[in-house]
> 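I have a structure here, written as structure tokens, and I will follow up with some questions on it.
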Amino acid sequence: VEPVVIVHGGAWAVPEILWDKSVAGVKTAALHGYQVLKDGGSVVDVAEAAVISLEDNPVFDAGTGSVLTFDEQVEMDAIIMNGATMQAGAVAAIRNIPNPVKVARLIMEKTPHVMLAGEGANKFASEYGINEVDKDLLITPYAKEELAEYKKYTNTVYCLFNKTDHANPVGHD
Amino acid sequence: TVGCAVVDQKGHTACATSTGGITAKMPGRVGDSPIIGAGGYADDEVGAVSTTGCGEAIMKACLARHIALVMETGQDVVTAIKTGLNHMESRINGFGGAIAVSSKGDVGMQFSTPRMPWAYVQQGKLHYGIHPGQHIIEDL
């Protein structure tokens, strides 16, 4: 089989100001993942490494650069899955962790569970030396501006997803 | 949201997806990203998928599993993703995108939103794009 590593940086109405940085970020992540594969890493190593590269890039809505909840917190979700064993690990609403995918992998490999959420996920991460960081380290000026803009125009929380370029971009899963 | 799908020389597959969610989300709200079959799915007998877009719609559509299931019928990766996205749009009015690899080394990406940055490496070439229809190839 010809190996391939593919990544994405989120499907939404990416504003022009983020086009170049987004493309540069996905190129870097794909190359990084492929290098891990060439160096003998497993497919799980590759998936984790590529996603960490994207989480660490403030351009993307994950890890550093995550968007904010209505009460200005950072809550993140992540999953990792191994196709050979169909084992999976996931975290939901984990707070203030730079790389949620690392915690997802630990859940997959160290517990009989598939998902840990909220406080339990943070507590589990801490047991493996992955501690919460100051949320300001994860919040970008862009995320703050986007929340402020949102609050200026509405106080209704719902999924605003629109196919047009004129859609109000409110992030994406 | 960000994600990765990978297949190696032996046909082993994996996927990962990670997200900060949507701006101004209700505290405690969880989208598709950590849900198996919605935000991601990997099975060496088929391939691996990572999705992105409106989390509520993706969950209702079980988008990653839907795409994998279409791949399982023998459809190519791109057709499978298109089929999944079309289903999500027509039944739930939801939009998004996905990347996928088959365990045979086929690769594809599609999106029904205005843009989605993506990139992949295969056979010494780096492929990437962000706009609909854009597909740039660089030699490594």
Side-chain angles (χ1 to χ4, degrees), chain A residues 1-14 19 22-23 26-27 30-31 33-34 43-44 46-48 50-51 54-55 60-62 66-67 69-71 76-84 86 88 90-93 100-101 115 146-147 150 157 159 161 163 165 170-173, chain B residues 1-9 11-28 30-34 36 39-44 48 52-56 58 95-97 99 101 104-105 107 109 111 113-123 126 128 130:
Chain A
V1 176
E2 189 62 47
V4 57
V5 178
I6 183 166
V7 303
H8 70 75
W12 62 303
V14 185
W19 290 355
S22 297
V23 169
V26 291
K27 286 166 74 176
L31 288 167
Y34 200 75
V43 284
V44 173
V46 171
E48 182 189 30
V51 165
L54 295 160
E55 286 177 337
F60 301 111
D61 172 25
S66 287
V67 296
T69 64
F70 195 77
D71 58 359
M76 298 164 288
D77 309 325
I79 190 173
I80 191 162
M81 189 165 184
N82 181 342
M86 294 192 73
V91 288
V101 74
M115 185 193 295
E146 204 173 38
L147 181 63
Y150 184 90
V157 179
C159 184
F161 230 83
K163 201 172 180 177
D165 265 346
V170 292
H172 49 91
D173 289 296
Chain B
T1 304
V2 302
C4 175
V6 53
V7 58
D8 71 7
Q9 228 166 0
H12 293 315
T13 63
C15 70
T17 306
S18 181
T19 191
I22 53 172
T23 295
K25 65 183 176 183
M26 200 178 284
V30 175
D32 65 291
S33 300
I36 296 177
Y41 192 75
D43 176 356
D44 280 6
T52 168
C54 179
E56 280 71 11
I58 293 172
F95 301 94
I99 55 173
V101 296
K104 293 175 183 167
V107 61
M109 87 303 297
F111 50 97
T113 52
R115 278 169 281 282
M116 180 181 83
W118 59 270
Y120 71 86
V121 180
Q122 189 176 40
Q123 287 187 311
L126 173 65
Y128 60 91
I130 182 170

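All chains are named by letter (A, B, ...) in the order of the sequence lines, taking the proteins before the strands, and each is independently numbered beginning at 1.
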> With chain A, which of I58(B), V101(B), T52(B), I99(B) has the greatest number of heavy-atom pairs at distances under 4.5 Å?
T52(B)
> Pairing donors with acceptors under 3.5 angstrom, does anything connect the side chains of D44(B) and T13(B)?
yes
> Please rank V121(B), V6(B), D43(B) by heavy-atom pairs under 4.5 Å with chain A and give me the top one.
V121(B)
> Between A90(A), S22(A), A50(A), A78(A), which has the largest tally of heavy atom pairs under 4.5 Å with chain B?
A78(A)
> Is A84(A) in contact with chain B via its backbone, its side chain, both, or neither, using a 4.5 Å heavy-atom distance?
both
> Find the distance between CD1 (I22(B)) and CH2 (W12(A)) and round it off to the nearest 0.5 Å.
12.5 Å
> Among G97(B), P117(B), G105(B), which residue forms the greatest number of heavy-atom pairs with chain A at distances under 4.5 Å?
P117(B)
> For chain B, which of V26(A), V7(A), L54(A), V23(A) has the most heavy-atom pairs under 4.5 Å?
V7(A)
> Considering only heavy atoms and a distance below 4.5 Å, find which of E2(A), H8(A), M81(A), E55(A) pairs most often with chain B.
H8(A)
> Identify which part of A5(B) has an atom lying under 4.5 Å from any heavy atom of chain A, answering side chain, backbone, both or neither.
both
> Heavy-atom pairs under 4.5 Å with chain A - which of S33(B), C4(B), A119(B) has more of them than the others?
A119(B)
> Quick check on the interface: out of G33(A), S66(A), G9(A), who has the most heavy-atom pairs with chain B under 4.5 Å?
G9(A)
> If I compare all heavy atoms of G31(B) with all of D173(A), which pair ends up nearest, and what's the gap?
CA-OD1, 3.9 Å
> To the nearest 0.5 Å, what is the distance between CD1 on I79(A) and OG on S18(B)?
11.0 Å
> Could you tell me whether the side chain of T17(B) and the main chain of G39(B) form a donor-acceptor pair under 3.5 Å?
yes
> Please classify the contact between V44(A) and chain B as side chain, backbone, both or neither, with a heavy-atom cut-off of under 4.5 Å.
both
> Does any non-hydrogen side-chain atom of V5(A) lie less than 4.5 Å from one of Y120(B)?
no
> Determine, stepwise, if the pair M116(B) / M109(B) fulfils side-chain contact (heavy atoms from CB on, under 4.5 Å).
CA-CA 9 Å; M116(B) 180 181 83; M109(B) 87 303 297; 4.1 Å; yes
> Shortest non-hydrogen contact from W19(A) to V14(A)?
NE1-O, 2.8 Å
> Please look at L126(B) and chain A and tell me whether the side chain, the backbone, both or neither of the residue comes under 4.5 angstrom of a heavy atom of that chain.
side chain
> Side chain, backbone, both or neither: which part of V30(B) has a heavy atom under 4.5 Å from chain A?
both
> Do V43(A) and V7(B) have side chains that get closer than 4.5 Å, going by heavy atoms?
no
> Which one wins on heavy-atom pair count under 4.5 Å against chain B: V1(A), T69(A), L147(A)?
V1(A)
